[in-house]
Amino acid sequence: MSHPILILLLTMLAGSLYLAWLVINSRKSAQRRYRRTTRKSPEKLKRVNSSTRSKLLRMVRGDEELAYRLVRQVKASAPNQSDQWCWEKAIWDLERDRN
């Protein structure tokens with residue numbers, strides 16, 4: 001192989017490795033943010049049915065930050081409602097907006 005082609009291939013490999021590193025790092029960062037929010041009040045997570053939590057997370061394609069933001073918005077507009085109700089309302093709002 002000639003040197004320019006070898007340099008190009010090595011550059012492409014380095015770029016691919018860098019992109020993979022960025023993806024892995026962003027996932028770890030999201031996991032750290034999730035852990036920080038759940039450590040503050042683990043008893044609140046127990047109040048929400050796991051199937052409800054899973055459904056909302058599936059609807060937002062695993063974006064935990066988005067799911068919690070939607071629930072916080074619902075909680076802000078209805079502070080007297082239970083956490084379970086807020087998660088269900090966030091799901092209902094998403095389903096309504098998608099149809």
Does E88 reach the main-chain N or O of T52 with its side chain, forming a donor-acceptor pair under 3.5 Å?
no

Main-chain N/O of E64 paired with R69 side-chain donor or acceptor, under 3.5 Å:
no

State, to 0.1 Å, how close C86 and A78 come at their nearest heavy-atom pair, and which atoms those are.
SG-O, 4.4 Å

Indicate yes or no: at least one non-hydrogen side-chain atom of D63 is less than 4.5 angstrom from one of R61.
no

Atom CG of D83 and atom CZ of R53: how far apart are they, to the nearest 0.5 Å?
10.0 Å

W85, M59: one ILVMFWY side-chain cluster at the under-4.5 Å cut-off?
no

Taken to the nearest 0.5 Å, the spacing of W21 CH2 from S16 OG works out to 15.5 Å

To the nearest 0.5 Å, how far apart are CG in L13 and CG in L9?
8.5 Å

Are K55 and E95 ion-paired here, with the side-chain N under 4.0 Å from a carboxylate O?
yes

Measuring only between side-chain heavy atoms, which start at C-beta, is L56 closer than 4.5 Å to V71?
yes

Is any side-chain heavy atom of D93 closer than 4.5 Å to one of L70?
no

Hydrophobic clusters here meaning ILVMFWY residues chained together by side-chain heavy-atom distances under 4.5 Å, can you tell me if Y68 and L94 are in one?
yes

Is the side chain of R47 donor-acceptor paired with the backbone N or O of Q84 at a distance under 3.5 Å, no angle test?
no

With a 3.5 Å distance limit and no angle check, can you tell me whether K75 reaches the backbone of Q81 through a side-chain donor-acceptor pair?
yes

If you round to the nearest 0.5 Å, how far is CZ of R58 from CD1 of I91?
8.5 Å

